[in-house]
Amino acid sequence: MNTESAHDKAVDTTGTKPGDAADLKAIAQVVATVERTQRAKDPDGFLALFHPDALWTTAHGKVLIGLDAIAEFTRAVLPTATWDGQVTYEVAHTQFLRPDVAAVKVRQVYHSPSGDTAGAPLYVMTKQDDGRWLLHACQNTEVRVD
């Protein structure tokens with residue numbers, strides 16, 4: 001049962017500065033692409049979102065350092081992943097650490113017939129010279145309800 005209120009779903013832009021609207025939109029687009037590529041089981045689309053020196057920690061604690069390690073893991077796991085339901089990703093909070101570095105808290109929900117479960121990823125993203133935002137240091141955390 002989903003008990004989130006409309007207020008809980010609001011995007012928190014605390015820490016943003018005036019004029020960041022284009023960056024916020026670009027960051028949200030990266031998160032939307034994570035969702036789309038996960039649903040489509042598209043490793044190439046997913047991997048295109050990463051900086052070459054990225055660090056990724058999975059929800060189960062596997063640490064992957066560098067795009068080669070992330071690619072090896074993703075190509076082995078994503079195409080054969082099975083789940084009955086859909087996953088959604090939504091920007092919950094963005095805080096610019098510098099104009100070209102943002103900490104992005106993501107609300108991740110797995111919707112399945114047996115009920116919803118959640119994840120709480122944190123993406124540190126960096127803005128490239130060409131204006132693209134890439135995933136640079138990411139931690140995905142499974143949310144457990146005790």
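Atom set for the values below is all heavy atoms of this structure, side chains included, hydrogens, waters and symmetry mates excluded. Only a predicted model underlies this, so the values are computations on that prediction, with no experimental measurement involved.
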At their closest point, which heavy atom of K41 faces which heavy atom of P43, and how far apart are they? O-CD, 3.1 Å

Please assess R39 against T88 for the test side-chain contact (heavy atoms from CB on, under 4.5 Å), listing each intermediate value before the final yes or no. CA-CA 9 Å; R39 285 182 175 195; T88 58; 3.4 Å; yes

Take V34 and Y123, measure what side-chain contact (heavy atoms from CB on, under 4.5 Å) needs, and give me the verdict at the end. CA-CA 11 Å; V34 169; Y123 299 160; 3.7 Å; yes

Do other residues, nucleotides or ligands put more than 12 heavy atoms under 6.0 Å from the CD atom of Q128? yes

Taking the ring of F46 and the ring of W56, is the distance between their centroids below 6.0 Å? yes

Is there a side-chain contact between V63 and T57 (heavy atoms, below 4.5 Å)? yes

Joint hydrophobic cluster, V77 plus L67, side-chain heavy atoms closer than 4.5 Å: yes

Could you walk me through whether L24 and F96 satisfy the side-chain contact (heavy atoms from CB on, under 4.5 Å) test, starting with their C-alpha distance in whole Å, then the side-chain angles of each, then the deciding distance to 0.1 Å, before giving a yes or no? CA-CA 10 Å; L24 288 170; F96 290 93; 4.0 Å; yes

Indicate the atoms forming the closest heavy-atom contact of A48 with L134, along with that distance. O-CD2, 3.8 Å

Joint cluster assignment, V87 & V30, ILVMFWY side-chain distance < 4.5 Å: yes

Can you tell me how far the CG atom of L49 sits from the CG atom of D44, to the nearest 0.5 Å? 11.0 Å

Nearest 0.5 Å please: distance from the CD1 atom of I65 over to the CD1 atom of I70. 9.0 Å

Please report the interatomic distance OG1(T141) to NZ(K105), rounded to the nearest 0.5 Å. 5.5 Å

What do you reckon, is CG of D130 surrounded by more than 12 foreign heavy atoms closer than 6.0 Å? yes

Looking only at heavy atoms, which two atoms of T94 and V91 are closest? And how far apart? OG1-CG1, 3.4 Å

Between T126 and H136: side-chain donor-acceptor atoms closer than 3.5 Å: yes

What is the minimum heavy-atom distance between I27 and A102, and which atoms define it? CD1-CB, 3.8 Å

Show the nearest heavy-atom pair for residues W133 and P99, with the distance to one decimal. CH2-O, 3.7 Å

Q108 and A120: which non-hydrogen atoms are nearest, and at how many Å? OE1-N, 4.4 Å

List the steps and the verdict of side-chain contact (heavy atoms from CB on, under 4.5 Å) for L78 and Q38. CA-CA 7 Å; L78 186 57; Q38 292 289 311; 3.8 Å; yes

Rounded to the nearest 0.5 Å, how far does CG of L47 lie from OG1 of T74? 4.5 Å

How long is the span from the CD atom in E35 to the CD atom in E90, to the nearest 0.5 Å? 9.5 Å

How long is the span from the CZ atom in F50 to the CG atom in L64, to the nearest 0.5 Å? 8.5 Å

